[in-house]
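Beneath this line is the structure, given in structure tokens, with notes to follow.
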Amino acid sequence: MSSHATAATGKEGHGAGVLDFPGARFSFVNELHVVPESTPTPIPCYRVLDELGQLIPGAKYTQVSEELAVAMYRKMAVLQSMDLVFYDAQRQGRFSFYMTTAGEEAINIASGAALSDLDTIFAQYREPGVLLWRGFSMLQFAHQCFATSGDLGKGRQMPVHYGSKEHRFHTISSPLATQIPHAVGAAYHVKMSPEDACVVTYFGEGAASEGDFHGAINFAATLEVPVIFVCRNNGWAISTPAREQYRGDGIAGRGQAYGVRSLRVDGNDTLAMYSAMKAAREMAVTEERPILLEAMTYRTGHHSTSDDSSRYRGAAEIQHWKLQRDPVARFRRWLQGQGWWDDAREEELRKSARAEVIAALDTAEATDKAPLRDLFTDVYDAAPPNLVEQERQVRAHVAKHRADYPDNVPLD
Amino acid sequence: MQRGTAALLRCARFLGELQPRRISSLETARCFSGAAMQAQPSAPEGYDGTAELKRMNLFTAVNDALHIALDTDPNSYIFGEDVSFGGVFRCTTGLAERFGRHRVFNTPLCEQGIIGFGIGLAAMGSRAIAEIQFADYIFPAFDQIVNEAAKCRYRSGNQFDCGGLTIRTPYGAVGHGGHYHSQSPEAFFTHVPGLKVVVPRSPSKAKGLLLASIRDRNPTVFFEPKGLYRMAVEEVPIGDYETELGRAEVLREGSDVTVVGWGAQMLVLERACDAVEKEGVSCELIDLQTLLPWDVDTVAASVSKTGRLVISHEAPITSGFGAEIAAKIAERSFLKLEAPVARVCGLDTPFPLVFEPFYLPTESKVADAIMHTVSF
């Protein structure tokens, strides 16, 4: 980039010309030119299936095999079963907290399916389907929610804060958007390594208001890293509707301002989501550049088990999305239209999924909580003297007052 | 934030400060005799007495450590605002030219982005050496440091960690920095399990402690005393060595009072100790070096011997790290104490420009506190 010379072309008339600024070259005009706050036409939303699960004539999409399509559908159904049973278990007081992915199953599974296992994930908390797709077991989900000795996170975080090194899925933290710059740093590592991979980060449209989003996407643009920003725009950040969250053309509309390519996709259309993610990955990996993907969807469940969304949104709106726009039912209709699925298989799948989830919950519930030693390990790579001393104090105290402390936490 | 004019100003000021003759008279009057600080008497750990020595100031020692860090680990990176051309304090001079602009690079002006980026880079196994241009500007990154870097290993059950992350940031008074180019925010970070907090006092310590911090498997915040970047000059061993983290150093042994500090304040404490020794007071002077986790044993052993403790830091006294030391020593050495623990610290005001000499824990304030403590 040239940052020194002025080059008046004179083509624009008196007082006009072109000037090289650091980083850009602009033409001059001699009348005040105010750019409107929005473009006449918002970025269009890519879809392949209509709401009845019919292929839209002329739609361009990545072909999926019967095997892959059925596998995606199965995982979407399992995710639904997991949400239903885990949610009920939480309401029964079996564990403390839960968040469902209801309405966003297509984003979860189809985006996960479009990636390579070599790709690294930095997620928010409404993307357990990506982990499910990668083979994280139902029992592992259950162990995490029950904070057992089988929890890879060693019982230290609230439910739904999953993570698995084996599945290249970095552990969830509660603060919103903090994972987005991590993904950019990780993508820099990938860029500098010979691995043919990218990094994907997920977040909601509410999280995209955090400074971390803006910092991260600007870093990704300037440092030119292979990262895919996936925004699940589900319309609601707890009780705050999207129209109170931002102005302008949604989240995708921000891409160009940062010098990042962007696309908008119907997040409830499994085929569109898969195709978009596949294309985004191809661009990120082959060109080592970021891309922003805004998936339009709707959170049909409450924000969490601590939320009652009927207090801030109408039942009709939720029902409309549940009945008319459910991503799982829509994809099933397409599968059945292909002759790849039928009612008998559906019944069998729902039955086996429910049984698997219930069995996992029962097993996890009967497992000891993470042992007391896990309170003190992993703060550092090795315990410093203050932690050694505190562990000794806690153990001596608990030995004296055992009845005052939970008996389901083993003291080893 | 302070962007725009103020940002330009701060660069201009500190670039100006890089000219040795522009050290303010205020600062010179405050604690330096005008001559460069001389070498500390003790040899750095890992130094066997045979290695070649080279005279360096503190920023050159930092620069030397960074060269060694990048040279010894091809998977290490340096990034931050303005680091590519050498940094506003010249600490990263020559690194981009030597190791390439993919390993030493500028980032956009966004502290939370810098640390968030560094966490992700480190979580993948790289060594991430981030620079926050002034410790006064670290706060936009506070969430990333406290909620993310510090908890990364713990929350994942040791599946992931960002131990390769080191955050370098210049701190402290310089004589003309005012509110936003002077602060010592170390205590905020000592309250965060999972972090290490390190502050060197001299060029040889800066090199050894920085190399140890970079190679430590835990995220580390490394505060560099910017007032000493040019001022402190000593013989520094050439080559690769590390100074152990978590260990204090006894700089001089004494029998009447233990005096504890860290970073640039060590110079003030040295002079105060010299002054009271003329009055016949024998001081045991300790440089904490690492504030988290800190070396309780060394301080407690010293206080058990002297029966008296004076702690000094530039940061405001209330909830400063001195409070932690005082509480811990009261707990460990209560029956040995012959006087209340004294703290000589910054005042509980924002860091003030023209009032800086009044605000700071000066040599005479420290000397008075020592005399008061030994005569209690």
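Values in this document were obtained by computation on a predicted structure and should not be read as measured data. Chain naming here is simple, since letters A, B, ... match the order of the sequence lines and numbering starts at 1 in each.
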Answer with side chain, backbone, both or neither: which region of [X] has an atom nearer than 4.5 Å to a non-hydrogen atom of chain B?
{"X": "A:Asp151", "answer": "neither"}
{"X": "A:Asn386", "answer": "side chain"}
{"X": "A:Glu389", "answer": "side chain"}
{"X": "A:Phe213", "answer": "neither"}
{"X": "A:Leu387", "answer": "neither"}
{"X": "A:Leu223", "answer": "side chain"}
{"X": "A:Thr222", "answer": "side chain"}

Max heavy-atom pair count under 4.5 Å with chain B, selected residue of [options]:
{"options": "A:Asp212, A:Asn218, A:Val184", "answer": "A:Asp212"}
{"options": "A:Ser164, A:Ala187, A:Gly155", "answer": "A:Ser164"}
{"options": "A:Val225, A:Thr171, A:Thr120", "answer": "A:Thr171"}

Quick check on the interface: out of [options], who has the most heavy-atom pairs with chain A under 4.5 Å?
{"options": "B:Asn147, B:Ile119, B:Asn75", "result": "B:Ile119"}
{"options": "B:Pro293, B:Gly194, B:Gly125", "result": "B:Gly194"}
{"options": "B:Arg217, B:Lys196, B:Glu148", "result": "B:Glu148"}

Practice item. Determine whether the aromatic ring centres of A:Tyr188 and B:Phe105 lie less than 6.0 Å apart. Key: yes
Please flag which part of [X] lies under 4.5 Å from any non-hydrogen atom of chain A: side chain, backbone, both or neither.
{"X": "B:Lys328", "result": "side chain"}
{"X": "B:Gln112", "result": "both"}
{"X": "B:Asn218", "result": "side chain"}
{"X": "B:Asn106", "result": "backbone"}
{"X": "B:Val146", "result": "neither"}
{"X": "B:Leu195", "result": "backbone"}

Review point. Does a sphere of radius 6.0 Å around CD in A:Gln390 hold more than 12 heavy atoms from other residues, nucleotides or ligands, not counting ones at 6.0 Å or beyond?
Key: yes
Exercise for review: Answer yes or no: does atom NE2 of A:His397 have more than 12 heavy-atom neighbours from other residues, nucleotides or ligands under 6.0 Å?
Suggested key: yes
**Study point:** Pairwise side-chain contact, B:Arg155 with A:Ser173, heavy-atom cut-off 4.5 Å (strictly under)
**Key:** yes
Review point. Looking only at atom types and distance, does a side-chain atom of B:Tyr154 sit under 3.5 Å from a main-chain N or O of A:Leu375, one as donor and one as acceptor?
Key: yes
